Number of protein chains: 2
Amino acid sequence: MTTVALAEPKPYHHGDLRRALLMAAEAVLEREGPSALSLRAVAREAGVSPAAPYHHFKDKNELLNAVAMEGFAQLKQAMAAAIDRASAEEKRSSIGVAYVEFAQANPHLYRVMYDCARNGEALPENTDEADSAYELVKETITAAAGDQLSELDLELTCIASWCAAHGLAEMCNFAKFKPLKDLMGGERAFLQGVLDHLGVMSRIKTELR
Amino acid sequence: MTTVALAEPKPYHHGDLRRALLMAAEAVLEREGPSALSLRAVAREAGVSPAAPYHHFKDKNELLNAVAMEGFAQLKQAMAAAIDRASAEEKRSSIGVAYVEFAQANPHLYRVMYDCARNGEALPENTDEADSAYELVKETITAAAGDQLSELDLELTCIASWCAAHGLAEMCNFAKFKPLKDLMGGERAFLQGVLDHLGVMSRIKTELR
DNA sequence: GCACGGAACTGAACGCTGTCAAGATGATCT
DNA sequence: AGATCATCTTGACAGCGTTCAGTTCCGTGC
């Protein structure tokens, strides 16, 4: 199912190759995984020559960054939908599960997203969408507990939540967790269980003092 | 500063090329980063032909896995040292900081470690060292709070701690956190602050109920 | 209605990569 | 000494990212 008209005699100028390349990239990514996501493969998928993408992206890296931004936009959307679905008191909890489940549903995309994010120092603009998704988390946490936390505590709590979610997203598919998941009755219970235990240590520390 | 004898007339048989390749890989990794870590570059660094590594590793991937296992061994060592240094009540806290600081001190190695770990489904043996490091965390948490937690809670707490540490390790160098770090008076304060806030949300949730 | 400037695209080329088959080398065992 | 066998080299292959000279076509000014 290609996205561009096939009947026409393949016009020399593509119309919107930039968008077509992004969709081709996501198609290749989903079908063959990150290791097969070469510039040439994307160009092939879009039906253009290997050099064509260079008129729309400086680099392979710049293409990947665009894919990553698209991914962060989707992630934000998934989290927003989860918030809408959840009852007031479950909003904060459901956003974490939604985050991890998005990563599980789009493992290849998620990988590209963070490969780009880690290299992001050199590319100041590439985190716009990531920022926007982060803000969504911040709003949710503020709504749940904003009046109980200082500005600094709020920020640190958001960062801690995001880090925990990211860590879980990257590791939740490790084979070693399989038996535990079965024991707990499924993926979602496992995810919720881990997220619920983030505070256990600090609570114990508090009690001990 | 090559690691193998230079004076000798370059013996055809290398002696211990496997180890030499691992050291060469870590050297290349430190000097030029993960993107430059090609099989050929490693062979070049070790002073052998591009095909030589294939007598010691099935794949490029298998070489990277070996590097990753070495990295997990070093990580375990770093955490163990931190535990030894810390007072009894700070052991659990210091292990998290040690984890993240190891990742910051060896960013390239840490990246290879988790790139391998994520692909690990196909390679059953490659997590031995990671397992061993995980066990160290489990022992520490058990020592701190074992009697207060069920077996399941203990396991979930360990996983949650590891996930949070991993997430922080991957994200703590994001440029957006720079101002906050300065405000808090340095890297270590920031790390400790984030780790200390992991439990904030669950504590608030508890209070609200 | 038409030339022309410039953007979009192609095709061929460069050096790099991972991998493999065939041959050279030298340590080891009998 | 001779045979064996793992080890290492040489040379080759396809595929990669990237560049560059040329081709095609769209939009604009006349």
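No experiment lies behind these values; they were computed from the predicted model shown. In what follows, chains are A, B, ... by sequence order, proteins preceding strands, each numbered from 1.
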| request: Could you state the atom-to-atom distance from CD of B/Glu32 to P of C/dT17 in whole Å? | output: 10 Å
| said: Under 4.0 Å between a side-chain nitrogen and a carboxylate oxygen: does that hold for A/Lys76 and A/Glu135? | reply: no
| task | For residues 98-112 of chain B, pull every pair meeting salt bridge (charged side-chain N to carboxylate O under 4.0 Å, His left out), keeping only residues two or more places apart or in separate chains. | result | B/Glu101-B/Arg188
| field | Nucleotide-level pairing of DNA chain C, given in dot-bracket where Watson-Crick and G-U pairs need both distances under 3.5 Å and | marks other strands | value | ||||||||||||||||||||||||||||||
| said: Using a 4.0 Å heavy-atom cut-off to protein, can you give one letter per nucleotide of nucleotides 10-19 of chain D, 5' to 3': B if the base is in contact, S if only the sugar-phosphate is, - if neither? | reply: B-B---BBBB
| message | How many whole angstroms separate atom CG of B/Leu21 from atom P of D/dT7? | response | 12 Å
| How many Å lie between CG on B/Leu63 and P on C/dT19, as a whole number? | 10 Å
| said: Among residues at least two apart in sequence or on other chains, which ones pass side chain to side chain contact (heavy atoms under 4.5 Å, CB included) with B/Ser35? | reply: none
| Separation of B/Arg18 atom CZ from D/dA6 atom P, in whole Å? | 17 Å
| task | Tell me whether the OP1 or OP2 atom of C/dT10 has a side-chain N or O from A/His55 closer than 4.0 Å. | result | no
| request: Any pair with a residue in residues 21-30 of chain A that passes salt bridge (charged side-chain N to carboxylate O under 4.0 Å, His left out), sequence neighbours left out, goes on the list, sorted by first then second residue, please. | output: none
| field | Sequence-distant partners of B/Tyr54, side chain to side chain donor-acceptor pair (under 3.5 Å), two or more places apart | value | none
| field | ring-ring contact (aromatic ring centres under 6.0 Å, His included) contacts touching residues 18-53 of chain B (sequence neighbours left out) | value | none
| note | Those residues at least two apart in sequence (or on a different chain) that pass salt bridge (Lys or Arg N to Asp or Glu O under 4.0 Å) with B/Asp59 are none
| field | B/Leu17 CG to D/dT7 P, straight-line distance once rounded to whole Å | value | 9 Å
| field | Rounded distance (Å) that lies between atom P of C/dG18 and atom CD of B/Glu62 | value | 15 Å
| For B/Phe190, ring pair (Phe, Tyr, Trp, His ring centres under 6.0 Å) partners two or more places apart | B/Phe177
